Protein chains: 2
Amino acid sequence: MSEKVSSRKQQVRAEDVARHAGVSRVSVSRTFTPGASVSDATRAKVLKSAEILGYRVNRLASSLNRSESGIVALVAAEIDTPHRSAMIAELSDRLQAAGKVTMLINTSGYEERVKDALLQAISFRTEAAIILSGAPDPSLADTCFSNGMKLVLINREEDFPGSLQIGPDNRAAGKTALKALLRAGCKRIALANSANATWSIVERQKGFIAAAEEAGVDVLCEVDGFTSYQAGLELGTALLDREDRPDGIFCTTDLIACGVIDAARQRFGLRTPDDLSVIGFDNIQQAEWEGYDLTTFAQPTDLIIDKCLEWCTTEQPSSETVKLPAKFVWRNSVQKARVPMR
Amino acid sequence: MSEKVSSRKQQVRAEDVARHAGVSRVSVSRTFTPGASVSDATRAKVLKSAEILGYRVNRLASSLNRSESGIVALVAAEIDTPHRSAMIAELSDRLQAAGKVTMLINTSGYEERVKDALLQAISFRTEAAIILSGAPDPSLADTCFSNGMKLVLINREEDFPGSLQIGPDNRAAGKTALKALLRAGCKRIALANSANATWSIVERQKGFIAAAEEAGVDVLCEVDGFTSYQAGLELGTALLDREDRPDGIFCTTDLIACGVIDAARQRFGLRTPDDLSVIGFDNIQQAEWEGYDLTTFAQPTDLIIDKCLEWCTTEQPSSETVKLPAKFVWRNSVQKARVPMR
DNA sequence: CTGATTATTGTACACGTTTGCATCTGCATA
DNA sequence: TATGCAGATGCAAACGTGTACAATAATCAG
């Protein structure tokens, strides 16, 4: 018998429900369209039949003629990094709460991938693309715009008209870090940073150094490796191995800070904050762990996301650059103030 | 003048490209359809015009009549957890490499959310849903199937015909853990587990206990809190505070293990592996950190994903349950063997 | 009971693609 | 030259929705 089963007839369509409920197809559509006019009787019939048949509105088709896909692209590399994963968790949660659907695009690996990511986003008529790492080619950004897509760059500052650029005030945080170390009475101050740092991270370093120059203190800069725990281990080892061993280190990232603290403890037998003061950035989960108890800066994640969502849901948003203050989180990796304030 | 700007005319359509290139609309479609018949001349014209106009095939529309969306849903809670985020990173990467697009659905929070997640996945005619946490209502699973969707449950064992259930062999790992502690010469063996553990985690505990009974040794079970670092801290504190302080602890999760190790070090001045042997599970990044150097089990992530992708891309896959061996990763949180093997 | 008003339903088209079929062109073969 | 054939192109019909507009049924004031 039916030897040629059409492989298409898989899905449950509105028409199937209509037939089953004995109503018109549009009544089905109206039942699932908020604010449409259907009598309670037919709505009830439709809902019942839909339940039985397992019908769900096909949002691909629906998006097609309403030209609103409801999809937002999240473009990120190194998703398994503590700070990044926390950001993605928050973002996806909030997007969902706002009725949006998140499409995750992993751009780890070759750099070309952020381009492919955006092309993919365009193909799916994503309403917006939130870029957590890497920056797109300007011409590609134009293609995004010409397809009615919004662009958000987090922690990245390029000259992108038409996009929202948002992130913490890294420079200010760098300054605060220096002041905190001075106030803790540190005499030999150092900075540990990755040699492959992003723009955002370099800003922290610049803020720190600028504040040091302003205060007239020398700062020892150790810059090497990637932005990782392992790099922190190496950076810490290099710093602590010196003749003039530093007693206060600002690490541009919590991961680096954890590495530095472990280097101090495991390789030199030094403890924070007694022998060494350490400050990080990001406030990752591990910063709270009892083995680190790291004084650090919390990214203003909530505020960033608030702004992000608000911007994405306005009709014709204008280009904007927003810097939000990072919150200084006092824990116990910095010596208690030995120098009075002011 | 044009006071009623149609807010729809945003996108660049195939027709625009066709007009610009002076060819038929279908030629545009064929240019972007692999294996379609177009002359090199027209293809070139089309590609050029598409480039200029910034045209990208609308995959929503394309999915509509090919009934292949290319989208795969990733359903997960607690995305910012080390193991989970690593899994998501790998999965999204591999899916992308396989030409699929990943839709991330965060189900943290109320339990009802996994239901909503699947409904959303159905709405977008997702080709498959990979569920990393929580299990769907069986009737809902049927709705998935009736819409031609595939279901994969990772680390979850329910009776779900029509789905792929895959994960590590947790029981076997539990047994291995016990043997390792015995071989290390531990005399008072304990187990630390969350009170809100998932099925998969409970299996590890069962395997451990079963092996202990078989070997005729007592094991002290401390079960409390959530599956987190903080719980580990509490569990470790409770265990090490006892009169008969254990000298070997199997933690059902690396996060718990890190908490236990920190409790030992920070609160009791005990060190691994000298004073205490600890084994974890998951092989998260922090397990490798020098402050923990944790002996643990690596989830067979690659194999799981291999199987996952293979299963999802076969035409009519049959229900299947797959257990893959977890790899024992020797580091330095367990005393070197004092008892000869065998 | 009639006419006006409103609530509901049906018709037809649009959204942007892909694809089966038919047409057309050019070219080699008989 | 007529025939066959392969490749390129156009036409039209789908895919599953939402919605403007017309048509119908129900309600209500007089």
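These numbers come from a predicted model, not from an experiment. In what follows, chains are A, B, ... by sequence order, proteins preceding strands, each numbered from 1.
Side-chain atoms of S29(B) lie closest to dT18(C) of the nucleotides dG16(C), dT18(C), dA14(C). Side-chain atoms of L64(A) lie closest to dG16(C) of the nucleotides dG18(D), dG16(C), dT17(C).
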Nucleotide N/O to protein N/O under 3.5 Å, stretch nucleotides 7-9 of chain D:
residue	atom	partner	partner atom	Å
dA8(D)	OP2	S37(B)	OG	3.4
dT9(D)	OP1	S39(B)	OG	3.3
dT9(D)	OP2	S39(B)	N	3.1
dT9(D)	OP2	S39(B)	OG	3.4
dT9(D)	OP2	T42(B)	OG1	3.0

Nucleotide N/O to protein N/O under 3.5 Å, stretch nucleotides 23-25 of chain D:
none

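Relative to the axis of its first five pairs, the axis of the last five pairs of the helix from dC1(C)-dG30(D) to dA30(C)-dT1(D) sits at 40°, rounded to 10 degrees.
Listed by chain and number, the residues in a side chain to side chain contact (heavy atoms under 4.5 Å, CB included) with N147(A) are I122(A), R125(A), T143(A), V12(B) (sequence neighbours excluded). Under the side chain to side chain contact (heavy atoms under 4.5 Å, CB included) criterion, A36(A) pairs with R30(A), T33(A), sequence neighbours left out. Not a single ring-ring contact (aromatic ring centres under 6.0 Å, His included) links F124(B) to another residue, sequence neighbours left out. Not counting sequence neighbours, the partners of Q165(B) by the side chain to side chain contact (heavy atoms under 4.5 Å, CB included) test are L153(B), E157(B), F160(B), S163(B), T321(B). Remark: A117(A) engages V75(A), I105(A), T107(A) in a side chain to side chain contact (heavy atoms under 4.5 Å, CB included) (not counting sequence neighbours). By the side chain to side chain donor-acceptor pair (under 3.5 Å) test, T126(A) pairs with no residue at all, sequence neighbours left out.
Whole-Å rounding puts the N65(A) CG to dA20(D) P distance at 11 Å. N58(B) has its CG atom 17 Å from the P atom of dT17(D), to the nearest Å. The distance from atom CD of Q11(B) to atom C1' of dG16(C) is 8 Å, rounded to the nearest whole Å. For L60(B) and dT18(C), the CG to C1' distance is 15 Å, given to the nearest whole Å.
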Exercise answer: donor-acceptor pairs, residues 92-100 of chain A side-chain atoms, under 3.5 Å, sequence neighbours excluded:
residue	atom	partner	partner atom	Å
S92(A)	OG	I88(A)	O	2.9
S92(A)	OG	A89(A)	O	3.0
S92(A)	OG	N106(B)	ND2	3.2
D93(A)	OD1	R113(B)	NH1	2.8
D93(A)	OD1	R113(B)	NH2	2.9
R94(A)	NH1	D306(A)	OD1	3.3
R94(A)	NH2	D306(A)	OD1	2.6
Q96(A)	OE1	N106(B)	N	3.1
Q96(A)	NE2	N106(B)	O	3.0
K100(A)	NZ	E127(A)	OE1	2.9

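In this structure the side chain of I304(B) reaches within 4.5 angstrom of the side chain of M87(B), judged on heavy atoms.
For S67(B) (side chain) and N65(B) (main-chain N/O), no donor-acceptor pair under 3.5 Å exists by modelled atom type.
Residues in residues 45-56 of chain B take part in no salt bridge (Lys or Arg N to Asp or Glu O under 4.0 Å) pair, two or more places apart or across chains.
The residue R59(A) sits apart from the nucleic acid: no heavy atom pair falls under 4.0 Å.
Within residues 47-56 of chain A, the residues that have a heavy atom under 4.0 Å from DNA chain D are, in order of number, Y55(A), R56(A).
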(request) For the pair Y55(B) and V28(B), evaluate side-chain contact (heavy atoms from CB on, under 4.5 Å) and give the outcome as yes or no after the intermediate values. (result) CA-CA 10 Å; Y55(B) 170 74; V28(B) 177; 4.1 Å; yes
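Contact of R25(A) with dG18(D) (side chain to base): a donor-acceptor pair of N or O atoms is detected under 3.5 Å.
Within 6.0 Å of NZ in K307(B) there are more than 12 heavy atoms belonging to other residues, nucleotides or ligands.
Between R66(B) and the phosphate of dT18(C), there is no side-chain N or O to OP1/OP2 separation shorter than 4.0 Å.
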